[in-house]
There are 2 protein chains.
Amino acid sequence: MIDKTLDTSILLGLYETAMLLIKQNVEFVSKQGLTNQQWVILIHLAKDPNLPFLIREKHTMPLMASELADSLGVTRANITNLLTILMDKGLIKQIEDKEDRRKKRLVLTPKGDKLIKLMQPDRKKSNAQMLSGLSKKEKELFLIYIQKCTENLQTQKFS
Amino acid sequence: MIDKTLDTSILLGLYETAMLLIKQNVEFVSKQGLTNQQWVILIHLAKDPNLPFLIREKHTMPLMASELADSLGVTRANITNLLTILMDKGLIKQIEDKEDRRKKRLVLTPKGDKLIKLMQPDRKKSNAQMLSGLSKKEKELFLIYIQKCTENLQTQKFS
DNA sequence: ATTAATAATTAATAATATTAACTATTGTAT
DNA sequence: ATACAATAGTTAATATTATTAATTATTAAT
């Protein structure tokens, strides 16, 4: 018999919430012909200041594929596939790095930029709906708890 | 330019935390030759009282495949595949429902039960580590916020 | 008695991601 | 200066995970 604990209830709760959240997002972005992963790449290139990866690390130069792989937690090969699709759609383009010719910097095209801007209002509405019923103070605490978890999960790797 | 908001920071934070959490769990359960989904099914059959699905709905009878599909948010066909693997491994078994012969109830075998019990100590340790640095009071608030999100995400479907 | 609904399964396929091998370029250590 | 390692990206083959559509069996509803 497994006992009921706060820790495990939180973990399984987080898991379920994230699954629902992804499902909803898949629905949202598929209206624009995007997959969830493609969308996440686009908001990275749009420098969304809410992205944990961009909060933790300052990036003055445009991102490259390997940095996206880091942030999304997938392989570079996978990122290559996703970027090819986004380039075929004309939403992003690669720029060669003059200083290091191995690197390719990634930026939104005007079309990609326009698409992200177009989706913003509905996106914000849907995000607000997910958190409705929580006060500003509660949301601030919520964010702190989430960030604490991420921190713990990332340092755990080295134990 | 996308603006920084509490709502979106929380949403993207949740997303990242869940991805890290799943990665860690995949590592944990793969040591026992399980995938993440297989593991989630096993703790359902072990009646883990921390599972949101089991908190929301009382189940006196053993679960059936369609209920698992509901809880995991996947198709019944997918569940069938997962159950076949778990039965081949001898971790679960099907029991025919006498009252309704369409239904098949799912239970752990002694081997499956033993495996779950064996994994519990490490599981609890890892869950505690994810939440280290948070007080009991903070954890209680955290759980309430998570449950509020799930609620909001589930009612949003009908808008 | 017929039709609809529910439960589970099967087969084919879609999607998503990984591994391993390869090219090109840059960094490092003799 | 040369050799070796490391980084960045790509490609091809494959693994995985999940879905859709069709099928069987059983039960519910009209």
Side-chain angles (χ1 to χ4, degrees), chain A residues 15 18-20 22-23 25-27 29-30 32-42 44-45 57 59 61-89 92-107, chain B residues 15 18-20 22-23 25-27 29-30 33-42 44-45 59 61-89 92-107:
Chain A
Y15 181 75
M19 293 299 109
L20 289 169
I22 290 171
K23 277 222 153 160
N25 201 243
V26 165
E27 231 173 278
V29 302
S30 69
Q32 306 296 336
L34 298 170
T35 65
N36 194 55
Q37 297 286 67
Q38 290 165 17
W39 157 256
V40 173
I41 289 178
L42 290 181
H44 272 81
L45 302 193
E57 309 181 9
H59 285 271
M61 310 279 296
L63 296 177
M64 27 185 203
S66 53
E67 291 169 327
L68 288 173
D70 265 2
S71 181
L72 304 210
V74 297
T75 58
R76 271 175 302 152
N78 188 14
I79 294 288
T80 298
N81 293 335
L82 292 164
L83 295 178
T84 303
I85 296 169
L86 288 170
M87 285 188 288
D88 287 348
K89 292 184 182 185
I92 69 171
K93 68 178 172 209
Q94 286 178 329
I95 296 176
E96 306 203 347
D97 189 310
K98 306 285 177 183
E99 257 120 78
D100 186 338
R101 297 186 44 232
R102 288 171 304 185
K103 298 178 178 174
K104 294 178 182 174
R105 303 287 174 178
L106 298 158
V107 294
Chain B
Y15 180 74
M19 292 301 109
L20 289 170
I22 290 171
K23 277 222 153 160
N25 202 242
V26 165
E27 230 173 279
V29 301
S30 68
L34 298 171
T35 66
N36 194 55
Q37 296 287 66
Q38 290 165 16
W39 157 255
V40 173
I41 290 178
L42 289 182
H44 272 82
L45 302 194
H59 285 271
M61 310 279 297
L63 297 177
M64 23 183 208
S66 53
E67 291 170 327
L68 287 173
D70 266 1
S71 180
L72 305 210
V74 297
T75 57
R76 268 176 304 153
N78 187 15
I79 293 289
T80 299
N81 293 334
L82 293 165
L83 295 179
T84 303
I85 296 169
L86 288 170
M87 283 189 287
D88 287 348
K89 293 184 184 187
I92 68 171
K93 66 180 173 206
Q94 286 179 328
I95 296 175
E96 306 204 345
D97 189 308
K98 305 286 179 184
E99 256 121 77
D100 187 338
R101 297 187 41 235
R102 290 170 303 184
K103 298 178 179 174
K104 293 178 182 175
R105 304 288 174 177
L106 298 157
V107 295

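Each chain gets a letter, A, B and so on, in the order the sequences are listed, and its residues count up from 1.
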Does OP1 or OP2 of dT10(D) have a side-chain N or O of T84(A) closer than 4.0 Å?
-> no
How close do E99(B) and D97(B) get, heavy atom to heavy atom, and via which atoms?
-> N-OD1, 2.8 Å
What one should report as the nearest heavy-atom pair of L106(B) and Q94(B) is CD2-CG, 3.4 Å
Counting Watson-Crick and G-U wobble pairs only, both distances under 3.5 Å, name the nucleotide matched with dT30(D), or none.
-> dA1(C)
May I have the distance from L82(A) (atom CG) to dT11(D) (atom C1'), rounded to whole angstrom?
-> 15 Å
Nearest-Å distance, CE (M19(B)) to C1' (dA17(C))?
-> 14 Å
Looking only at non-hydrogen atoms, find the nearest pair between N25(A) and N36(A) and report the distance.
-> OD1-OD1, 2.8 Å
Answer whether the closest heavy-atom distance between the side chains of V29(A) and Q38(A) falls below 4.5 Å.
-> no
Rounded distance in Å - CH2 (W39(A)) to P (dT16(C)) | 17 Å
To the nearest angstrom, how far is M64(A) atom CE from dT7(D) atom C1'?
-> 9 Å
Once base and sugar-phosphate atoms are separated, protein heavy atoms under 4.0 Å mark nucleotides 19-30 of chain D, 5' to 3', with B, S and - as BB----BBS---
Does dA5(D) have a Watson-Crick or wobble partner in any strand here, with both distances under 3.5 angstrom, and which is it?
-> dT26(C)
Rounded off to whole Å, could you give me the CD-to-C1' distance for the E67(B) and dT6(C) pair?
-> 12 Å
Given atom CD1 of I85(B) and atom P of dA15(D), what is their separation to the nearest angstrom?
-> 15 Å
Kindly say if S66(B) contacts the phosphate of dA8(C), meaning a side-chain N or O under 4.0 Å from OP1 or OP2.
-> yes
What is the distance, rounded to the nearest whole Å, between atom CD1 of I22(B) and atom C1' of dT17(D)?
-> 13 Å
Once you round it to whole Å, what is the distance between C1' of dA17(C) and CG of N36(A)?
-> 14 Å
The answer to which of L83(B) and T35(A) contacts DNA chain C further toward the 5' end, by nearest nucleotide, is L83(B)
Please check if the side chain of S71(B) supplies one atom and the backbone of L68(B) the other of a donor-acceptor pair under 3.5 Å.
-> no
Kindly point out which of dT9(C), dT17(D), dG9(D) is positioned nearest to the side chain of T80(B)?
-> dT9(C)
Might you point out which heavy atoms bring P62(A) and E67(A) nearest each other, and give the distance in Å?
-> O-OE1, 4.4 Å
Output yes when at least one side-chain N/O atom of Q94(A) is less than 4.0 Å from OP1 or OP2 of dT10(D), else no.
-> yes
Q37(A) side-chain N/O to dA17(C) phosphate OP1/OP2 under 4.0 Å = yes
For dT10(D), the nucleotide meeting Watson-Crick or G-U wobble distances (both under 3.5 Å) is dA21(C)
Where do L45(A) and L86(A) land on the side chain to side chain contact (heavy atoms under 4.5 Å, CB included) test, with the steps shown first?
-> CA-CA 12 Å; L45(A) 302 193; L86(A) 288 170; over 6 Å; no
